[in-house]
Structure formats: C-alpha cells, structure tokens
Amino acid sequence: MGIVKTNAAPPPNFIRNIIAEDLKANKNEGRVHTRFPPEPNGYLHIGHAKAICLNFSIAAEFDGMCNLRFDDTNPTKEEEEYTESIKEDVRWLGFDWEDREFYASDYFEQLYEYAVQLIKDGKAYVCDLSADEIREYRGTLTKPGKDSPYRTRPAEENLDLFTRMRAGEFEDGSRVLRAKIDMSSSNLNMRDPVIYRILRATHHRTSDKWCIYPMYDFTHGQSDSIEGITHSICTLEFEDHRPLYDWFLDELKIFHPQQIEFARLNLSYTVMSKRKLLELVRQGVATGWDDPRMPTISGLRRRGYPPESIRNFCDRIGVAKRDSIVDIALLEHCAREYLNERAPRVMGVLRPLRVVIDNYPENQVEELDAPNHPTDTGMGTRKVPFSRVLYIEQEDFLEDPPKKYYRLAPGREVRLRYAYFIKCVDVVKDEQTGEVVEIHCTYDPKTRGGDAPDGRKVKSTLHWVSAAHALKAEVRLYDHLFIKANPGAEKDGADFKADLNPHSLETLTSCYIEPGLAGALPGSRYQFERQGYFCVDHVDSSGGALVFNRTVSLRDTWARIQKAQKR
RNA sequence: UGGGGUGUCGUCAAGUGGUAAGACACGGGCCUUUGGAGCCCGCAUUCGGAGGUUCGAAUCCUCCCACCCCAGCCA
C-alpha cells in the first residue's frame, strides 16, 4: 500500500465524500488511485504538504495507491536539484510511493502519438502565428477570439509539419501545434490552446532528445489517464481547465480520471507562492530554501517541526473550496502538542545573569537528579551539576518588580528547578550603566531537590545552569517572516516584501546550556524548560559548536499579563 | 461589463429541509517543582443581504451584494 501509518482517520471532507460515493457505486471497479504531481521547479512548502497528505491519506483510507509524478514539461525551469529535494521532503513527511515514481517526460513519446492522433482526426493543427499574434487572435474575456488563418490546414500538411517540428527543421517559437476547439468559447482555455511548442532546451531527464515539448494542459490529464489515476485532485485554479482535459480525454478515447479541485493553503504571516519564495531566496532575504523562517518543508524541518506535527496540521485544517488563510498559530499549536509529549526537557539560559550563592562551599559540586520529562517517567532522569556560581535568565530577576511578577527580586525567595530555594541578598551593578551584572543569593541546604521540609512555598521556579560546567551555545530565535497576516495585500500592487518582519531572526551567541547536551545530534529536539522547543541546527552545528533553532516558544502567560498591564 | 468558483464564530471548518459539531485563538477558574502541561467553564437565537416556498430553511426558489481565478508558446 505504501503508506506510513499516520494519525487516526483524518476528518471527512467533500473529496473523501465523493470518493466514498464513487466506491458505493462501484466506479472504477472499486479502485482508488491518486497521485501527487509536483513540478520540479522549486522546493516543496507546507501548501504542498496539504496536497501530499490529502492524496496519500486518501489512498491509505480507501486501500488504494498514490503515485509520485513529476510534471516536468518545461525544461527551462526544471532542475534535478528540485526533484531530489522533493523526494526527500515527501519521504521525510512519512510517505512512500514505493516503485511508482513517474515523470511526465516518461510519456513524451506517447504524448506525441496522442498529438498525431488528434491531427489525423482533424482536431489539431500547426499554427504559424507568432506568440503576439496568437494573443491578439485569442480575443479577451469579453470578446470572442478569431480563427487562425492556419486553422484549416489539411491533416496531411499538419502531420508533415508536426513531424518536421520534431525533427528540428524549424526555429524555436516559429510554429506551434494547437488543438482545434472553439475560438469563441467563453472559456479561454478552449480557444484553440497551444499543445506543443518548439523549444531547444536540455531536459534534466531526456537531455536533447526533444526539441518540442508538450504543454502542461496537454500533459497532465493524459498522464493521469496513463497511470490509471481514478481521482485527480488539484487546486482551484485548474477548475477552468477541466473542460479542456475532458475534451482531450474524450477525443483521444482514453481512460478518464475524475478531477476534483480544492483550495490551496494560505498561512498567516507568510507567503506561499513558489515565485515569492524563490524571490526571497534569490534576493538573499532568506538564507536559502531551508531557511528556518521559510514555510518550505526543508525550512520547517530545519526549524525543528516534526513531520508528525505537520501531518496533524494538514488533517486539522480541513479541505474545502473556499479561499482562506489559516492562522499560523494552529501550526505552532501542532508543534507544541507533539513536542510537549516527546521532547526531553533540558535547561538552557539564553541571556545569562551571573548568580553567586554566597553560602555555598567554594569548590563543591553536586550532581542533582533531573527527570527528562515531567510526566513520562519512561524517559528517565539525568544528572545536572550544581555549584556556587550559576547563570539564570536575565529576565528572571528584577530589582523593582511590578505587580504579579513572581520571579527573583531583592529579598525574595524562589526555587531553582530540581535544586534549591535561593534568596536574593545583594545586587551588583555596572557603575557606568547601572545595569545589573551579578546578583548574590543564599541557598537553603534543606531544600535540596526543590521542596522545603517546613512546607513553605515559593511563587516561582527558575531554570539555571552551573557556570563552571555549562556549555556555550548559539541560539536562533525566530519570529514570523512578515508583520502582516496577509503580506502585500493591503494596497494594490504593493510589494509583499514591504511587509517583511525586520525582527524575524534574533541570534544569541552567548547562551549557556547544561553539559549533558554535549554531542547532541543534529536535528535532535529538546524543550529548554520555561523557554520553548529547540532543535540542533544540522547545517551550522559543527565540531563541538552547538547551534539551536527555536522551533516555537512555550505559551507565555507572563507575557500576556504584561501586555494586558500595558493596556 | 464573458466564463468558472466561493460566501456558516476573530481564524479554519462540519452541516445537504427538523431547529448551528469540532479545532485554533480569546476570556475565566482549578491544579502545578516549567507563569509549561493538564483539567473545567464560557465563546454564532444565527449561517453575505433581501424577498419567497414550507408546520419547519444555513440547507429549496428568486433577485441582489462581496470576494477569488482565467486573456503564458508557465505549471
């Protein structure tokens, strides 16, 4: 079957309903066969993930199959690099197309034969009009087009010309093969569409074998037909093309898949078109397709999103026909939900503040026990070293705390997670700037492990790290790529890049993490307690130098309280 | 102003003539050695609008309005 066992059955949607009905009516002898048909001209993004999950999970649900097929009909835009990345991404998402890896270019010979068949049937003709002329003859949305003077060429002449097009006798763009349909159709796709063009470009798979290439519209439906696809699921913009695909299939008298269209995914605070994504990459706004701020699969992977969380997201957003923008908060929620269960807990201080425990013996080091997960005891425990000099988070100490601030302040006692209660007794400031550079505390030896035998409570628990033992690390904090939910949508013709978030990346280079993280594997994911989920960057972590990408922060109630207080 | 689509909570989205699921977000409470997690509660008298049919309409009919897609030898 070729499908990874994923979540429970995804929720129903109109496409599944249609297929269920078809099955009930024994259409296609009860066979369900889908396909994911990317063009290898860019990297996959989360919108593609929606299509991938839909096609593969439908196949799984109805005991069918799902093919991977590259729609590689335009050699000027397509590259090997892209097909490799696409395969990697689909695999990483957890899907398996087994031996059904196909290319539209596999069908070039067959497609050529189909074209010949159309010519012989008087349903296609070679047109000598230039591109500009074809555009003129096409008419407009409100005005019908007019027939090409070459429309009435006899079949034998068309056949001869088409053969010679293939043989390379004519210049690029000098002639074209067109379907003979209806120049006055209200559907522009039916106004004698071009189905073959002369194009001398080296194809990444067929090399220089061809100098004519079929158009997508002449390729897609027939490729589905050849593969026996029962349900061709695609996005809304192809709804207008369906009559054309139907026309080809009917004229050619070949197996007729059923096309069903759904709305593509839009996510708030990002962009999803390959064109825009490519622009961000080319102009260096993003460091590459796999920049962790990108909505690409490779970007999300590098950011630390587990594939399970993406699949779950795709199940939850539903499938429908209306244009919509899904709140990116749902994606983030899916990551938190999965990671909360699976990510080992660890302590890391992002913006260190030095803490000296005055009454702790100078050279003493204790190895304290810390569970790797608050509820899943199966994840075991680890030792964390504690000593006289520690680092805590700068924001966890305030000399003059506002109302509802529970953390450390002069004279106040808090708990260091898995360690001791400490009380702040002194503050050292920079004489020039007045900035707090170090604080002094005392600890209560009787609170080892974090509980006071006398039952006294503290209002907060802080994460920490032993200065002498901590590892230095770089941490990259990410925020939404754009400051607008729908970038570039405010005013007409506005450049979407005007809405870029200037603070989408914050790099922290002097973070301290607990020593147990030494040798953490690239791609491994942790929760830094009280901070968020982090993933070891597999590109920039090298040798002993660890670089962490923040996947998502934890929900931050304190931040919300602060926001409310400001208002 | 041609054709094809779509309009249900802040955001997604079920619902297909029997009286508005669910999720995220948001608000409140409980609990807590992560201000995390978890648990509980609240959150559309109303389905783009106006008429009509019906005992009964988000669902059927009529008209209107808004938004999206199409004039590549791109996919």
Side-chain angles (χ1 to χ4, degrees), chain A residues 11-14 17 37-39 41 71-74 76-78 127 129-131 134-136 138-145 172-178 185-191 193-199 213 215-217 219-220 235-243 261 263 265 268 274-275 316-334 336-337 340-341 345 347 370-371 373-375 404-407 415-419 421 447 449-451 457-463 485 527-532 553-561:
Chain A
N13 57 55
F14 80 100
N17 294 344
E39 180 191 12
N41 69 341
D71 273 334
D72 54 351
T73 54
N74 186 352
T76 64
K77 288 189 179 167
E78 295 147 9
C127 182
L129 254 25
S130 70
I134 286 182
R135 182 166 39 249
E136 280 175 40
R138 184 156 34 225
T140 68
L141 294 180
T142 48
K143 284 194 197 72
D172 284 13
S174 60
R175 275 182 241 259
V176 98
L177 184 70
R178 292 228 249 168
S185 173
S186 52
N187 181 346
L188 304 223
N189 295 123
M190 303 299 272
R191 321 244 260 228
V194 170
I195 59 180
Y196 261 93
R197 75 280 218 186
I198 304 173
L199 190 62
Y213 291 95
M215 298 292 291
Y216 171 86
D217 278 350
T219 306
H220 191 79
T235 43
L236 254 29
E237 67 271 25
F238 295 107
E239 210 152 16
D240 279 349
H241 297 239
R242 193 174 57 216
E261 308 86 4
L265 170 67
S268 59
K274 272 200 234 177
R275 195 209 97 220
R316 295 226 228 171
I317 54 178
V319 179
K321 295 191 75 160
R322 76 181 74 126
D323 285 316
S324 60
I325 301 177
V326 174
D327 192 341
I328 198 167
L330 179 59
L331 213 213
E332 296 168 346
H333 167 81
C334 290
R336 288 194 188 100
E337 184 180 61
N340 174 50
E341 244 176 75
R345 309 293 130 120
M347 290 191 286
H373 191 100
T375 54
K404 291 194 181 169
Y405 183 86
Y406 302 150
R407 282 109 99 147
R415 170 170 41 234
L416 290 181
R417 181 135 237 229
Y418 312 129
F421 283 13
T447 58
D451 280 312
K457 302 287 184 197
V458 288
K459 292 208 83 171
S460 94
T461 300
L462 310 186
H463 60 280
Q527 183 197 98
F528 286 8
E529 293 211 40
R530 304 208 308 132
Q531 293 285 168
S553 65
L554 254 24
R555 283 181 68 226
D556 191 345
T557 308
W558 170 235
R560 217 167 304 175
I561 293 170

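All values below come from the heavy atoms of this structure, side chains included, with hydrogens, waters and symmetry mates left out. Sequence lines set the chain letters: A, B, ... in the order given, protein chains first and strands last, and positions in each chain run from 1.
- Consecutive pairing runs in RNA chain B reach the stem threshold at B:2-7 with B:65-70, B:10-12 with B:22-24, B:26-30 with B:38-42, B:48-52 with B:60-64, where a stem means at least three Watson-Crick or G-U wobble pairs with distances under 3.5 Å.
- Between A:Glu261 atom CD and B:U6 atom P the separation is 10 Å, expressed in whole Å.
- For A:Arg417 and A:Thr461, the side-chain atoms include no donor-acceptor pair closer than 3.5 Å.
- A donor N or O paired with an acceptor N or O is found under 3.5 Å between the base of B:U34 and the side-chain atoms of A:Gln527.
- If you take CG of A:Asp451 and P of B:U34, they are 11 Å apart, rounded to a whole angstrom.
- For the C1' atoms, the distance linking B:G3 with B:A71 amounts to 12 Å, nearest Å.
- B:G29 and B:G35 are spaced 15 Å apart, taking the C1' atom of each and rounding to whole Å.
- With both ends at atom P, the span from B:A25 to B:U11 equals 15 Å, rounded to whole Å.
- When every heavy atom of A:Ala263 is checked against every heavy atom of A:Asp323, the shortest pair comes out as CB-N, 4.4 Å.
- With a 4.5 Å cut-off on side-chain heavy atoms, A:Asn187 and A:Pro243 count as touching.
- Distance CZ (A:Arg417) to C1' (B:G35): 12 Å, rounded to an integer number of Å.
- No engagement by A:Arg191 is indicated, since no non-hydrogen atom pair under 4.0 Å with the nucleic acid exists.
- Going from the C1' atom of B:G4 to that of B:U8 covers 23 Å, rounded to whole Å.
- Comparing the P positions of B:A13 and B:C24 gives a spacing of 16 Å, expressed to the nearest Å.
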Are any protein N/O atoms closer than 3.5 Å to N/O atoms in nucleotides 14-16 of chain B? If there are, list each pair with its distance.
| unit_1 | atom_1 | unit_2 | atom_2 | d |
| --- | --- | --- | --- | --- |
| B:A14 | OP1 | A:Val319 | O | 3.4 |

Its contact letters, B for base, S for sugar-phosphate only and - for none at protein heavy atoms under 4.0 Å, make nucleotides 65-75 of chain B read ---SBBBSBSB

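- Among the heavy atoms of the strands lying under 4.0 Å from A:Tyr405 is at least one base atom, whether or not backbone atoms are also near.
- Ionic pairing of A:Lys77 and A:Glu39 is not present here: no N-O contact between side-chain nitrogen and carboxylate oxygen is shorter than 4.0 angstrom.
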Expected rows: protein N/O vs nucleotides 24-26 of chain B N/O, under 3.5 Å:
none

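- Using the six-membered ring where Trp is involved, A:Tyr405 and A:Trp558 have ring planes that are perpendicular, over 60° apart on the 30 and 60° scheme.
- Nucleotides B:U62 and B:G15, compared at atom C1', are 24 Å apart to the nearest Å.
- A:Glu78 contributes a side-chain N or O that, together with a main-chain N or O of A:Asn74, makes up a donor-acceptor pair within less than 3.5 Å.
- We find that CD1 of A:Ile325 is positioned 7 Å from P of B:C12, with the value rounded to whole Å.
- Counting only heavy atoms from C-beta outward, the side chains of A:Thr557 and A:Arg555 never approach each other to under 4.5 Å.
- Comparing A:Asn340 and A:Val326 by the nucleotide of RNA chain B that holds the closest heavy atom to each, the one mapping nearer the 5' end is A:Val326.
- Judged purely by atom type and a 3.5 angstrom limit, A:Thr140 uses its side chain to pair as donor or acceptor with the backbone of A:Thr142.
- Shown here, B:G48 is classed anti by the O4'-C1'-N9-C4 or O4'-C1'-N1-C2 angle, which is more than 90° from 0.
- Using a 4.5 Å cut-off on side-chain heavy atoms (C-beta onward), A:Tyr418 and A:Pro371 make contact.
- Straight-line distance from the CD atom of A:Glu239 to the P atom of B:U6: 6 Å, rounded to whole Å.
- Here A:Ile134 pairs with A:Leu129, A:Arg138, A:Val176, A:Arg178, A:Val194 under the side chain to side chain contact (heavy atoms under 4.5 Å, CB included) rule; sequence neighbours left out.
- Across all non-hydrogen atoms, the minimal contact from A:Arg316 to A:Glu337 is NH2-OE1, 2.7 Å.
- In this structure, A:Arg415 and A:Thr447 have side chains that are not in contact, with every pair of non-hydrogen atoms separated by 4.5 Å or more.
- Shown here are the side chain to side chain contact (heavy atoms under 4.5 Å, CB included) partners of A:Ser553, two or more places apart in sequence or in another chain: A:Arg336, A:Arg550.
- Residues A:Pro193 and A:Met215 have side chains not in contact (no heavy-atom distance under 4.5 Å, counting atoms from C-beta outward).
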Checklist entry - Please walk me through it: do A:Lys321 and A:Glu239 pass salt bridge (charged side-chain N to carboxylate O under 4.0 Å, His left out)? => result CA-CA 11 Å; A:Lys321 295 191 75 160; A:Glu239 210 152 16; 2.4 Å; yes

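- A:Lys321 has its NZ atom 18 Å from the C1' atom of B:U8, to the nearest Å.
- Between A:Lys459 atom NZ and B:U34 atom C1' the separation is 16 Å, expressed in whole Å.
- For the P atoms, the distance linking B:U6 with B:C73 amounts to 27 Å, nearest Å.
- For the pair A:His373 NE2 and B:G36 C1', the interatomic distance rounds to 11 Å; values are reported in whole Å.
- Neither OP1 nor OP2 of B:U11 sits under 4.0 Å from any side-chain N or O of A:Ser324.
- B:G22 and B:C60 are spaced 27 Å apart, taking the C1' atom of each and rounding to whole Å.
- Judged by distance alone, the side chain of A:Arg191 and the main-chain N or O of A:Ser185 form a donor-acceptor pair under 3.5 Å.
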